[in-house]
Amino acid sequence: MSEQYVLGLHEVDETRVAIAGGKGAHLGALSRIDGLRVPAGFCVTTDAFRRILAEAPSIDDRLDQLSRLNPDDRAAIRTLSAEIRRTIEETPLPGELAAAITRALAQLGEEAAYAVRSSATAEDLPTASFAGQQDTYLNVMGPAAILRHVRRCWASLFTERAVTYRQRSGIDHRAVHMAVVVQKMVFPQAAGVLFTADPVTSNRKVASVEASFGLGEALVSGLVNADAYKVRDDELIDRAIATKRLAIHALPAGGTTEQEIDPERQDQPALTDAQVVRLVQLGRRIEAHFGHPQDIEWCLVDDGFQIVQSRPITTLFPVPETGDGENHVYLSVGHQQMMTDAMKPLGLSMWQLTALAPMQDAGGRLFVDATRQLASPASRARLLELAGRSDPLTRDALETVIDRGDFIPSLPDQAPAGPPAGGAPAPIETDPAIVTDLIERSEASIATLQRDIGTKSGPALFDFLLAAFEEHKRLLRDPQTMQVIMAGMEATWWLNEQLHAWLGEKNAADTLTLSAPHNVTSEMGLALLDVADVIRPHPEVVAFLQEVEDEGFLDELAKLPGGPEARDAIGAYLDRYGMRCVGEIDITRPRWSERPSTLVPVILDNIRNFDPGASRRRFEQGRQAAAKKEQDVLEQLRALPDGQRKAEETKRMIDRVRTFIGYREYPKYAIVSRYFVYKRALLEEAERLVHADVLREKEDIFYLTFQELHDVVRTHQADDQLIQRRKDEFRSYQALTPPRVLTSEGEGIAGAYRRDGVPAGALVGLAVSGGIVEGRARVILDMAEADLEPGDILVTPYTDPSWSPLFVAVEGLVTEVGGLMTHGAVIAREYGLPAVVGVERATKLIKDGQRIRVHGTDGYVEILP
């Protein structure tokens, strides 16, 4: 008989999760670390669990029913899971299984008290924590009671909560098995938890200890406030002693009870300072063994610590790996690029290979190491100035690190400091031909790329792409491109600052930039109104689009009256803009050309909410409003002392903004256009790999870096396990929120707005597009689910250029991420939408359908009754 129903803890370690479950495997590993005390015990293995399921065939049918249920059908889940638990608890244990457990008990001592603890194969893993979902029973005495509680642990795999968690996480119920740990009971003076990284700040150098009297259950179940300690480098840096009124103690006959603590002991610390430091030293050894920060449960018995559990902390944002032991400060690229979602490995590596600055990746996100820039006074001043203009939260987070004094090394200035950002505009004449010439050069380069890449395949494609990436970077580095972008931005800053100083006007440039020429992103939003105009007169096409579910609908369209025109209009739009999508800096994201159904809800909204010709009217209204604003401003200035000079200078800056600000959006469009060419070539290569049985599916290439994919194409060998591991990692990264600023100690710093004059209860953000608007909040997380009515205000985590088709239909914008010059802000100004960005947790604090007031000039949002 090959089944092993019982294994001693010393016989398992972290490689044996499949047989001992997460908790059992970790306890086995802990028991092997020198100098660490773990209560003696054994593991009832997953073989035993499978044997019990086999004894009750009815469970199999119920698991089938369960897997078909919707995770939101709580009543059905509750009924079915209760039936499964009852069946498991009532199934008699086969003789040899019961005998194996009682034999193990006899060796440890039948008279002793035991803790009987669930250990599922899917808990305590680095990528998923099922903590607290299964059951633990303390102070269980006698073989009959222990066998009963083993069955109850097995049954706890099917609590309603555990079942729902698996359904929502896409984990197959049959893929998770339950082992049970039976350990000698510990009767501690104090117990609690130790996190080897600070669970609040994520700082890996700071350990956090919570302690209370008696058994740790009082603390874990929230019955008592715990003493809290923080330790850094073997030194206690913070302690808060709580009043502890209750403790849980074991009863002589089995079970536990709550007891009141003597009043004179309630405010005594549960641990001495020396004990806290000693405990953290043990924790550091455990962390070193597992290679991850740990969440550890401990007991204090006669001045010695016993460890009763250790699991990875799964909520920490990972730290970029440098291996140099130095301090580093990292800036989030996603907050600059308006894409804070996790990216797949191919997306990360392609952006790294085509970006102008070196970048590190961590947690599926990209970061730039700003340590050197912060180390010398002049470059630090420039960085803070730029950060402050674009995103005050990033500036504040950087200042928080700088104010610590000793975290960043001090370096002398490398060279004389240039003018600070926002000083004298770049030396460039205000000539519209400069912009048209840059656009023509870029389009010619993309056409050449498209022509030449078609002849390449296999390893030759990768050599070609590496050369194409150099051309890609050369275009981005073009000094004229940078001059045009800076000239537009600096003229905007100049106008806002000077017109505020001279006329007391806030954000005057917002109106002056309306309908600026050559803005490819705002043109994209207006062009979809033109598509709606073509479709609107054909009711059968409109009815057909309302039912669209798959991506083949364009071919079907042609069969309807008016269908060929509709298909051609959508097709022409995709030819121009089909390389765009949400999160477009990640090459692996599906583009509109690959998933045209994404645009259908927006087209239908445009048909419903607008009259024919809306796109030309919108653009002309904006152009006229900007011209009228220019006239008003210049008239007011001429009436001031030295007014003629002020008016002439202002006119020069207005011309400069109108000429150059639209181009700000073009380089991103060019990057994404090139990306789509690269992507199609790589997917053709992937198709060949699938036909050659090297890969299972085309999309597997998304989980390899560019270099790894190059190796697969060269060798015709792929590592399936690596691809699967990357898929699991990506899923776990999706749940993490990246910080704006991250240190090499793992601390994520969000930054804060330092601003007075905001009404109580208002949500503070960054003012990026002036005006005040009231309306219904539409909290939209996925553009494909947009359903907008006139007067709505869009509330969303971030907007990249792909969202601009929605901007034509709304009256205002609120985002969680963004700066003065990020895409959402630029397009909001183009369309004249009051907008506030960088509003922390806006999509949680504002409920869909609530009425809100957006103060786009002063940078806050009020939730109205």
Side-chain angles (χ1 to χ4, degrees), residues 338 390 432 435-436 439 484-485 487-493 495-496 506-530 576-577 580 602 606 610 614-630 633 653-670 672 766-773 783 788 792-794 796 798-815 818-837 854 856-857:
M338 302 302 289
S390 64
V435 172
T436 48
I439 290 172
V484 167
I485 290 171
M489 280 168 36
E490 287 169 341
T492 307
W493 296 334
L495 286 166
N496 280 336
K506 280 186 183 171
N507 302 9
D510 294 356
T511 310
L512 295 166
T513 54
L514 290 171
S515 299
H518 298 303
N519 187 322
V520 68
T521 308
S522 62
E523 286 164 8
M524 176 171 78
L526 296 173
L528 209 56
L529 289 173
D530 295 333
R576 177 96 170 97
Y577 303 111
R580 308 221 86 153
V602 193
N606 287 350
F610 293 96
S615 124
R616 280 180 304 288
R617 277 198 307 280
R618 287 287 294 262
F619 189 79
E620 191 48 36
Q621 280 162 359
R623 204 184 57 74
Q624 287 179 11
K628 183 178 182 312
K629 180 71 173 176
E630 176 179 331
V633 161
M653 288 300 177
I654 292 172
D655 289 348
R656 179 169 281 237
V657 163
R658 302 283 309 163
T659 304
F660 293 136
I661 201 69
Y663 183 75
R664 165 78 180 75
E665 291 293 296
Y666 191 84
K668 182 80 168 277
Y669 172 79
V672 174
L766 181 62
V768 294
S769 184
I772 297 175
V773 66
M783 182 176 148
L788 296 166
D792 283 350
I793 294 168
L794 174 61
T796 190
Y798 64 80
T799 64
D800 58 12
S802 71
W803 286 75
S804 67
L806 294 188
F807 283 24
V808 298
V810 296
E811 295 297 319
L813 172 71
V814 179
T815 68
L820 202 58
M821 282 296 166
T822 43
H823 306 275
V826 173
I827 305 308
R829 291 194 288 273
E830 279 277 306
Y831 287 166
L833 303 177
V836 181
V837 302
V854 177
T857 309

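Judged by distance alone, the side chains of D530 and S615 do bring a donor and an acceptor atom under 3.5 Å apart.
Counting heavy atoms from C-beta on, the side chains of K629 and T513 never come closer than 4.5 Å. Inter-residue side-chain proximity for L528 and V808 is flagged as unmet; no heavy-atom pair is nearer than 4.5 Å. Counting only heavy atoms from C-beta outward, the side chains of P667 and I485 approach each other to under 4.5 Å. Inter-residue side-chain proximity for M338 and W803 is flagged as unmet; no heavy-atom pair is nearer than 4.5 Å.
A pairwise comparison of heavy atoms in L813 and T815 identifies CD1-CG2, 3.8 Å as the closest pair. Annotation for L495 and A509: closest pair CB-CB, 4.2 Å, computed over non-hydrogen atoms. Across P805 and S802, no two heavy atoms sit closer than the pair CD-O, 3.2 Å. Nearest heavy-atom pair, R658 versus L514, reported as atom, atom and distance to 0.1 Å: NH1-O, 2.6 Å. Heavy-atom minimum distance, A809 versus L788: CB-CD1, 4.1 Å.
R664 contributes atom CZ, which lies 10.0 Å from atom CG of N519 (distance to the nearest 0.5 angstrom). The NE2 atom of H518 sits 5.5 Å away from atom OG1 of T436, with the distance rounded to the nearest 0.5 Å. A distance of 14.0 Å separates CZ of F660 from CE of M489, quoted to the nearest 0.5 Å. Atoms CD1 and CD1, from I654 and I661 in turn, are 13.5 Å apart once rounded to the nearest 0.5 Å. Atom CD of E523 and atom OG of S804 lie 10.5 Å apart (nearest 0.5 Å). One distance of note links OH of Y577 with OG1 of T521; it measures 8.5 Å at 0.5 Å rounding.
A donor-acceptor contact shorter than 3.5 Å is absent between the side chain of N507 and the backbone of G770. Using a distance-only test at 3.5 Å, with no hydrogens or angles considered, a donor-acceptor pair links the side chain of S515 to the main chain of F619. Judged by distance alone, with hydrogens and angles left aside, the side-chain atoms of N496 form no donor-acceptor pair with the main-chain N or O of K506 at under 3.5 Å.
Listed by chain and number, the residues in a salt bridge (charged side-chain N to carboxylate O under 4.0 Å, His left out) with R580 are E584 (sequence neighbours excluded).
Screening K628, E620, Q621 for a side-chain hydrogen bond (donor to acceptor under 3.5 Å, both in side chains) with Q624, the sole residue that qualifies is E620.
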Only pairs under 3.5 Å count here: list side-chain donor-acceptor contacts from residues 821-835, not counting sequence neighbours, and write none if there are none.
unit_1	atom_1	unit_2	atom_2	d
T822	OG1	G819	N	2.8
T822	OG1	G819	O	2.9
H823	ND1	E665	OE1	3.0
H823	ND1	E665	OE2	3.0
H823	NE2	K668	NZ	3.2
R829	NH1	V768	O	2.8
R829	NH1	L820	O	3.0
R829	NH2	L820	O	2.8
E830	OE1	S522	OG	3.0
E830	OE2	A516	N	3.3
Y831	OH	S522	O	2.5

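Within 6.0 Å of atom CZ in R617, more than 12 heavy atoms from other residues, nucleotides or ligands are found, so the atom counts as buried in its surroundings.
Between Y666 and Y669, the two ring planes are tilted [angle within 30° to 60°].
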